[in-house]
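Please read the structure below before turning to the comments.
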Amino acid sequence: MSEPSQHTIHILRYAERTAERQHHFYGAVDRPADPMPISYFVWLITGPHGPVLVDTGFTRATARRLGRAYVASPRDAVRAAGVDPDRIAAVVLTHLHYDHAGGTADFPAASFVLQDREMAFWTGRHARQAASRLGLPHLVLPEDVLAVCAANFAGRVRWVDGEAEIVPGISVHRVGGHTPGMQVVRVATALGPVVLASDASHFYENVERGRPFAVLDSVAGALQAFADVRSLASDPGLIIPGHDPAVLDRFPDAGLDSLSGHAAVIGGAP
Ligand SMILES: [Zn+2]
């Protein structure tokens with residue numbers, strides 16, 4: 001069966017902050033104090049089967065509390081890209097960290113695609129310790145997990161254990177490593193299969209040099225995730241890291257007035 005390849009991906013930056021290299025890598029790092037800013041994205045996929053959004057970002061209130069520079073809410077960014085956020089029926093949550101799962105309330109018509117293991121972990125006995133280790137208690141917010149619980153009771157969670165096709169040409173794949181149920185998204189495009197790696201590789205440097213990010217569930221899992229992501233992509237250049245500002249230089253600007261300099265497009269006319 002041939003894969004549909006008509007998908008377009010909008011890479012939408014909704015927030016950013018300054019940081020240093022030493023914040024981003026597990027273990028010792030070269031040039032630790034060099035600047036290494038981090039961007040926060042959601043990814044909007046459009047195609048013949050309706051829009052699919054990957055991740056929901058965090059809210060303006062969370063940005064203010066944590067000192068992140070907010071560009072636009074993911075809801076407004078989706079609208080700027082020409083899609084009505086109230087009509088998005090499928091949202092993939094790559095994992096439940098605050099910067100990916102904090103905006104579920106902004107997509108009221110959506111079902112959320114989530115790995116069993118991710119929810120099991122963050123509702124399980126080690127959630128509290130895992131959220132507060134490394135001095136980063138904001139990494140998973142109870143209210144974000146509770147919102148997904150409520151969505152589940154409303155029949156709005158699509159559970160996955162491993163891999164699943166969301167619509168023809170768009171599939172999710174559990175890779176683990178960063179969190180227990182971390183999943184990536186493979187998208188058929190005119191350029192070939194693109195892998196939205198999310199936090200399986202925060203930066204190009206993670207996957208390209210085999211260097212895991214500082215926040216880890218498992219070192220071996222993170223290394224295996226790099227291999228899995230590489231095998232899912234048709235070309236290493238079509239692996240899209242989750243937080244690297246450089247993606248906006250490597251792909252054409254999306255030409256969205258309200259997100260000038262913050263949005264790129266893959267697989268479609270800008
Ligand atoms: Zn993240």
Side-chain angles (χ1 to χ4, degrees), residues 9 11-26 36-44 53-60 62-63 65-74 77 91-104 106 112-115 117-119 121-122 127 130-141 143-145 147-148 172-185 195-207 211-218 221-222 225-226 229 239-248 262:
I9 303 169
I11 303 171
L12 303 169
R13 176 161 62 192
Y14 71 89
E16 54 193 333
R17 76 174 160 92
T18 58
E20 298 172 358
R21 286 179 60 77
Q22 61 190 330
H23 301 139
H24 298 319
F25 296 96
Y26 176 73
M36 192 167 183
I38 185 163
S39 291
Y40 300 88
F41 297 102
V42 296
W43 302 269
L44 178 66
L53 181 65
V54 178
D55 288 333
T56 63
F58 49 70
T59 62
R60 188 176 295 278
T62 296
R65 185 165 60 83
L66 297 177
R68 310 305 190 230
Y70 211 54
V71 174
S73 73
V91 172
V92 174
L93 297 176
T94 61
H95 60 306
L96 291 178
H97 281 171
Y98 80 105
D99 51 325
H100 300 262
T104 54
D106 277 347
F112 301 101
V113 180
L114 184 63
Q115 293 281 337
R117 290 185 194 180
E118 186 71 3
M119 192 57 150
F121 184 80
W122 294 112
S132 61
R133 77 188 162 151
L134 305 173
L136 300 171
H138 65 273
L139 268 183
V140 172
L141 300 177
E143 58 266 35
D144 295 343
V145 178
V148 178
V172 296
H173 305 260
R174 188 185 64 230
V175 296
H178 179 57
T179 64
M182 173 82 224
Q183 62 183 345
V184 302
V185 185
V195 175
L196 301 175
S198 185
D199 291 2
S201 185
H202 288 62
F203 296 91
Y204 283 111
E205 189 171 341
N206 296 116
V207 65
R211 298 284 313 274
F213 188 72
V215 177
L216 277 174
D217 175 57
S218 153
F226 294 150
V229 162
I239 297 170
I240 311 302
H243 288 278
D244 198 328
V247 295
L248 298 178
H262 298 290

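One-based numbering, in listed order, for ligands and for the atoms of each. Computed over heavy atoms, backbone and side chain alike; hydrogens, waters and symmetry mates excluded.
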Aromatic contact, His138 with His97 (centres under 6.0 Å) | no
Non-hydrogen side-chain atoms of Phe25 and Glu205 separated by less than 4.5 Å = yes
When rounded to the nearest 0.5 angstrom, what distance separates NE2 in His23 from CZ in Phe213?
-> 10.0 Å
His24 ring center near Phe203 ring center (under 6.0 Å) | yes
Determine, using ring centers only, whether Phe58 and Tyr14 are less than 6.0 Å apart.
-> yes
Protein N/O/S neighbour count - the Zn ion (ligand 1), strictly under 2.8 Å | 4
Report yes if the distance between the aromatic ring centroids of His95 and His178 is under 6.0 Å, otherwise no.
-> yes
